[in-house]
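This report concerns only the one structure given below.
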There are 2 protein chains.
Amino acid sequence: MAAYDAPFTPVEPVRAYQRVAEQIEERILRGELPPGSRLPAERELVNQFGVGRSTVREALRVLQSAGLIRSRPGDPLGAEVLGVSGDNLSQALGRLTRSHISSLGELIQFRMVLEAESNRLAARLRTEDDLNRMAGLIDRMRSLSVGPGAGLRAFSETDALFHQAVAEASRNVLLGLCARAVHDAVVEIIERKIADAADAAAWRERSIDHHEQVLAAIRAGDAPHAARLARQALYAYYADHVEPETRALLEAALEQG
Amino acid sequence: MAAYDAPFTPVEPVRAYQRVAEQIEERILRGELPPGSRLPAERELVNQFGVGRSTVREALRVLQSAGLIRSRPGDPLGAEVLGVSGDNLSQALGRLTRSHISSLGELIQFRMVLEAESNRLAARLRTEDDLNRMAGLIDRMRSLSVGPGAGLRAFSETDALFHQAVAEASRNVLLGLCARAVHDAVVEIIERKIADAADAAAWRERSIDHHEQVLAAIRAGDAPHAARLARQALYAYYADHVEPETRALLEAALEQG
DNA sequence: GGAAATCAACTGGTCTGACCAGTGCACTGG
DNA sequence: CCAGTGCACTGGTCAGACCAGTTGATTTCC
């Protein structure tokens with residue numbers, strides 16, 4: 001079959017920096033260079049790869065922009081291996097929305113899908129440990145929602161940790177990473193506009209309330225309800241802020257089940 | 001409130017190549033540099049930005065690895081602007097699975113979620129045009145599944161176009177891009193191992209059959225059934241190829257609705 | 001005149017060598 | 001023993017050079 005199909009595939013030139021980057025990326029992905037370990041110095045890599053320093057540097061730039069390494073001037077240990085994370089995902093998603101290829105409504109709709117599924121799976125697969133962790137995070141959110149020094153940042157961070165805990169309970173890392181990436185993209189676009197200092201207290205109140213309901217549904221193993229809660233909360237929160245012509249999208253996502 | 005929260009944020013140094021890359025990326029994302037347009041030559045950018053060529057080149061490397069531009073040696077027109085696409089997403093997803101941060105089972109489960117939702121929304125929102133386009137693509141797949149010269153590549157390409165048509169009918173570009181990215185990541189990992197030349201004919205038969213059922217459900221506006229079809233097909237196709245300990249994940253995703 | 005070969009002016013890819021501002025460690029002076 | 005001082009090294013940047021490839025105009029040949 002291959003004889004009919006593609007006897008030969010066109011050969012495209014592979015730049016030197018690409019091969020350098022591939023070799024290093026390969027080792028990182030295979031786990032031979034675990035997070036926290038260090039790459040040799042650039043001038044040492046020049047020797048090992050037998051290429052010029054600019055080539056090595058372009059390769060390192062590629063790896064750095066992929067979030068795989070981080071380098072700091074003056075560090076005698078060389079670039080630090082960061083391992084694979086979801087940062088790259090949120091970066092890519094952010095570009096998609098910022099370039100208006102994808103609208104805010106689509107982004108919210110997508111978030112509805114992801115968080116609903118995350119909740120749904122968590123309700124099915126959660127362990128006792130998961131439940132305890134989530135309950136603890138809700139307690140922490142509650143303690144962070146009062147007092148003058150209660151930071152918005154700390155509250156949001158705990159909120160994110162709760163979602164992460166749900167994602168872990170759903171036993172799908174990928175789902176959690178994407179949900180986080182979409183969440184971040186939404187935040188970057190709109191969150192700062194609404195939820196301003198004005199009604200921040202009320203918002204936290206509602207947020208805690210919502211999380212408690214989600215936890216209850218997950219604890220009860222009521223998967224459809226857990227999923228519905230995520231969709232409803234996102235709809236209630238964002239429906240008024242998306243472009244009017246895309247509100248139908250959110251409603252379509254809301255009506256599931 | 002901000003006074004309590006973070007009076008000052010730490011200032012981290014911004015490299016010259018970062019600022020160059022940001023300026024160019026900004027213009028691309030704003031649409032000032034539409035896809036197909038050209039960047040000035042590197043030596044010209046050196047003049048405009050007032051930095052060295054290596055700095056310009058590192059910036060271009062970053063943009064290139066983000067899939068925003070493409071450069072070709074000897075091209076007197078300069079680097080070509082590609083615009084934003086989903087390539088970066090599939091790259092990131094591929095890294096996540098290849099590094100065993102996320103298992104193949106999770107990837108398939110994620111794909112079940114995305115394609116099911118895509119089908120579901122398409123069943124709700126499709127227009128007559130969408131239906132015609134999908135029907136035409138199925139016809140094309142059928143014509144490509146017979147004859148000695150029927151290329152596997154052409155068949156797969158048409159298959160992808162069908163999924164893209166569904167995604168368009170769902171009115172959510174983001175969903176479609178992610179589904180495509182996950183699809184590609186799966187293909188890169190496993191597809192070549194199974195679906196080998198051996199039972200390729202039978203596989204195409206089944207594939208066309210599946211697509212017809214999906215189209216029928218979408219045409220009928222039966223959203224839950226369209227979603228179920230996607231999940232079932234993926235489960236039937238991949239369940240035997242994921243790690244045994246993650247099969248439960250697929251089953252959890254299957255049992256929805 | 002028109003087609004084919006040639007050439008010159010570019011391009012991006014790579015290398016070399018240099019300098020700078022940081023960093024960490026070893027040495028030194030108290 | 002500890003504080004202070006250098007030195008050796010790092011990554012970031014620049015300048016200049018060369019190469020191979022592309023392009024389009026020019027020239028050459030039929």
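Just so we're on the same page: letters track the sequence lines, and every chain starts at 1.
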Item to complete: Look at the side chain of B/Ala41 and decide which nucleotide, out of C/dG12, C/dA18, C/dC15, has an atom nearest to it.
Response: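 Given the options C/dG12, C/dA18, C/dC15, the side chain of B/Ala41 is closest to C/dG12.
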Worksheet item: From D/dC14, C/dG12, C/dC19, pick the nucleotide closest to the side chain of B/Ser54?
Response: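 Among D/dC14, C/dG12, C/dC19, the one nearest the side chain of B/Ser54 is D/dC14.
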Worksheet entry | Whichever of A/Pro76 and A/Val56 has its nearest DNA chain C nucleotide further upstream toward 5' |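 By nearest-heavy-atom nucleotide position, the 5'-most residue is A/Val56.
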Practice prompt. Go through the steps to decide whether A/Thr246 and A/Ser103 satisfy the test side chain to side chain donor-acceptor pair (under 3.5 Å), and finish with yes or no.
Written response: CA-CA 8 Å; A/Thr246 60; A/Ser103 69; 4.8 Å; no
Practice prompt. Would you tell me if any nitrogen or oxygen in the side chain of A/Thr55 comes within less than 4.0 Å of OP1 or OP2 on C/dC15?
Written response: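 Yes, A/Thr55 has a side-chain N/O under 4.0 Å of OP1/OP2 on C/dC15.
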In whole Å, I'd like the distance from the [atom1] atom of [X] to the [atom2] atom of [N].
X: A/Leu77; N: D/dA8; atom1: CG; atom2: P; result: 19 Å
X: A/Phe49; N: C/dG13; atom1: CZ; atom2: C1'; result: 18 Å
X: B/Arg19; N: D/dG12; atom1: CZ; atom2: P; result: 14 Å
X: B/Asp75; N: C/dA9; atom1: CG; atom2: C1'; result: 14 Å
X: B/Glu42; N: C/dC15; atom1: CD; atom2: P; result: 15 Å
X: A/Arg57; N: C/dT14; atom1: CZ; atom2: P; result: 15 Å
X: A/Glu80; N: D/dT10; atom1: CD; atom2: C1'; result: 15 Å
X: A/Arg43; N: C/dC19; atom1: CZ; atom2: P; result: 13 Å

NA contact type, [X], heavy-atom cut-off 4.0 Å: base, sugar-phosphate, or nothing?
X: A/Arg61; result: sugar-phosphate
X: A/Arg72; result: sugar-phosphate
X: A/Ser71; result: sugar-phosphate
X: A/Gly74; result: base

Discussion item. Between B/Phe162 and B/Arg140, is the side chain to side chain contact (heavy atoms under 4.5 Å, CB included) condition met? List the steps.
Written reply: CA-CA 10 Å; B/Phe162 180 84; B/Arg140 191 156 146 224; over 6 Å; no
Worksheet item: Can B/Gln48 and B/Glu44 be counted as having a side-chain donor-acceptor contact under 3.5 angstrom?
Response: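 Yes.
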Worksheet entry | Distance-only side-chain donor-acceptor flag, B/Ser65 / A/Ser65, under 3.5 Å |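 Checked: B/Ser65/A/Ser65 side chains pair up, N/O donor to acceptor below 3.5 Å.
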Item to complete: Considering only NZ, NE, NH1 and NH2 on the basic side and carboxylate oxygens on the acidic side, decide whether A/Arg95 and B/Glu25 come within less than 4.0 Å.
Response: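 Salt bridge present between A/Arg95 and B/Glu25.
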